There are 2 protein chains.
Amino acid sequence: MSYYSAHPRFHLAVDCIIFGFRDDKISLLLLKRDFEPAKGECSLMGGFVRENESVDDAARRVLTELTGLTDIYMEQVGAFGKVGREPDERVVSVAYYALINIDDYDHELVESHNAFWVAIDERPDLIFDHDEMVSKALVKMRGMASEYPIMFHLLPKEFTLSKLQSLCEAIYGMPLDKRNFRKQVAHTACIEKVGAIDKSESKRGAALYRFNENVFRKTGIFKL
Amino acid sequence: MSYYSAHPRFHLAVDCIIFGFRDDKISLLLLKRDFEPAKGECSLMGGFVRENESVDDAARRVLTELTGLTDIYMEQVGAFGKVGREPDERVVSVAYYALINIDDYDHELVESHNAFWVAIDERPDLIFDHDEMVSKALVKMRGMASEYPIMFHLLPKEFTLSKLQSLCEAIYGMPLDKRNFRKQVAHTACIEKVGAIDKSESKRGAALYRFNENVFRKTGIFKL
DNA sequence: AAAAACGAGTGTATAATCAACACTTGCTAC
DNA sequence: GTAGCAAGTGTTGATTATACACTCGTTTTT
């Protein structure tokens, strides 16, 4: 196969920007690295792509290694391929963002990796080009969220409208009017009242809603 | 550097989705391959990433090899990393789209590569996963075009409003109302009349306009 | 047991934006 | 001089977006 063997080969990695929704803020799951390179600094969770594994699969594997979660919504952010982006060796990395429900992950696993949550606007500096990855992931995630109902991956299956509103406010980075917001939800067929009441966040209790994937697929309508 | 050397290495390629605007249609510059693998079939222009070259630089180099053009607007579409995406060897490819003014490229170079233009909706089947690359590039390009003034890269510096309208129609895939369109242009400070008249497309002649990058940077306003 | 605290829930009026629509102009070619 | 052709030009009605303040139901406090 001399056509191929004439060309160089590269280390290929994946890095995961793991978003969660915590204390009404978009948050990020980061590693405090207790290993080289860049031991002691903060980074995204990453790993090398294996021989017989697609790049997408590598990202899913790495996410599972850290959180224990499978079947998670992920999107590719892009390939990062500058020559000196890692100091010691050339590594090309493909970044992915993941949206997880912060109630669901495996806490022991996360602790054993020395990982921790930070609010997105309080994140520390990260190693290599991970800051750039996070910025691009945020832009891409916000863009997707304004067109497709991906935000529900950040919430439990059932949620109150107040929680959904504060999530939208966190994603779009601006306050929203409560009455206008609820008017829009009322016109969105794929968000339906479940009947139960949540009393954990208020004395009066708030109706619980859920996102109905099937209704969305039929109507294709979603705009919050 | 045993941390790194324990991990496999991969061939890394780039592929270019080269868009142009021809006969009022978005078009694509493709290769009729006179070389292996997949000789005789149609593909995107691509190439392998070199040792001391960033992935972005590889894409720019490959574009220049085919068209002779430099300083071209390009955006990364994403990394394509399925295990069997090329039949003979594993290659991970990063796709980029480029927007070029179809009057500008080096015709001899293009012919020597056996390359040709096709309208986007008349494109033949392409090898490997290049069809998927083109579809994703189109989605991304359309999304960008609806937010940022990238469409001007597809036009000569000076253009008539009729050309600009037919370009928008081609990008968004729908007819636009002439009066509404021109009203919007009139409210877009970064599109300015140049004074000259183009008589090549109509007997009466049409005013020429140009996009003013500086005005756009100041106002940040663009919406067509 | 009354009152205070707290988030849940609810409509209307105005402003802004979008969408639909048809004729006249200026030049050229016959 | 007239037929042909793309360029150019405003108004109206419909839809959508925005601004805004009080009552409800439950719990906690005094």
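Order of the sequence lines sets the chain letters (A, B, ...), proteins ahead of strands, with each chain counted from 1. Keep in mind it's a predicted model, so treat the numbers as computed, not measured.
- At C/dG7, none of the side-chain N or O atoms of A/Ser162 fall inside 4.0 Å of OP1 or OP2 (strictly under the cut-off).
- In terms of position on DNA chain C, the residue among A/Lys203 and B/Ser202 whose nearest nucleotide sits closer to the 5' end is A/Lys203.
- A/Phe152 pairs in a ring-ring contact (aromatic ring centres under 6.0 Å, His included) with only one of the listed residues (A/Phe216, A/Phe222, A/Tyr73), which is A/Phe222.
- Residues A/Phe128 and A/Met133 are not in side-chain contact: their nearest non-hydrogen atoms beyond the backbone lie 4.5 Å or more apart.
- Between B/Arg85 and B/Glu132 there is no salt bridge, since no side-chain nitrogen of the basic residue lies less than 4.0 Å from a carboxylate oxygen of the acidic one.
- The side chain of A/Asn180 sits closest to C/dG11 out of C/dG11, C/dG9, C/dA20.
- B/Leu69 and B/Thr64 make their closest contact through O-OG1, 2.8 Å (heavy atoms, listed as atom of the first residue, atom of the second, distance).
- Using cut-offs of 30° and 60° for the angle between ring planes, the B/His107 and B/Tyr105 rings count as parallel.
- Residue A/Phe181 contributes atom CZ, which lies 12 Å from atom P of C/dA8 at whole-angstrom precision.
- Distance B/Arg182 CZ to C/dA20 P: 19 Å, rounded to the nearest Å.
- Spacing between atom CZ of A/Arg179 and atom P of C/dT10 amounts to 12 Å, rounded to whole angstrom units.
- Between A/Tyr209 atom OH and C/dA8 atom C1' the separation is 10 Å, expressed in whole Å.
- Between chain B and DNA chain D, the heavy-atom contact criterion of under 4.0 Å yields a 5' to 3' nucleotide range of D/dG4 to D/dT11.
- Side-chain atoms of B/Asp198 and B/Ser200 form a donor-acceptor pair, as typed in the model, at a separation below 3.5 Å.
- Atoms CZ (A/Phe159) and C1' (C/dA8) sit 16 Å apart, rounded to a whole Å.
- Judged by atom type and distance alone, A/Lys178 reaches the base of C/dG9 through a side-chain donor-acceptor pair under 3.5 Å.
- In this structure, A/Asp177 atom CG and C/dT10 atom P are separated by 14 Å, rounded to whole Å.
- In this structure, CD in A/Gln184 is found 6.0 Å from CG in A/Leu224, a value given to the nearest 0.5 Å.
- Between B/Lys183 and C/dC18, a side-chain N or O to OP1/OP2 separation shorter than 4.0 Å is absent.
- The residue among A/Arg204 and A/Gln184 whose nearest nucleotide of DNA chain D is located toward the 5' end is A/Gln184.
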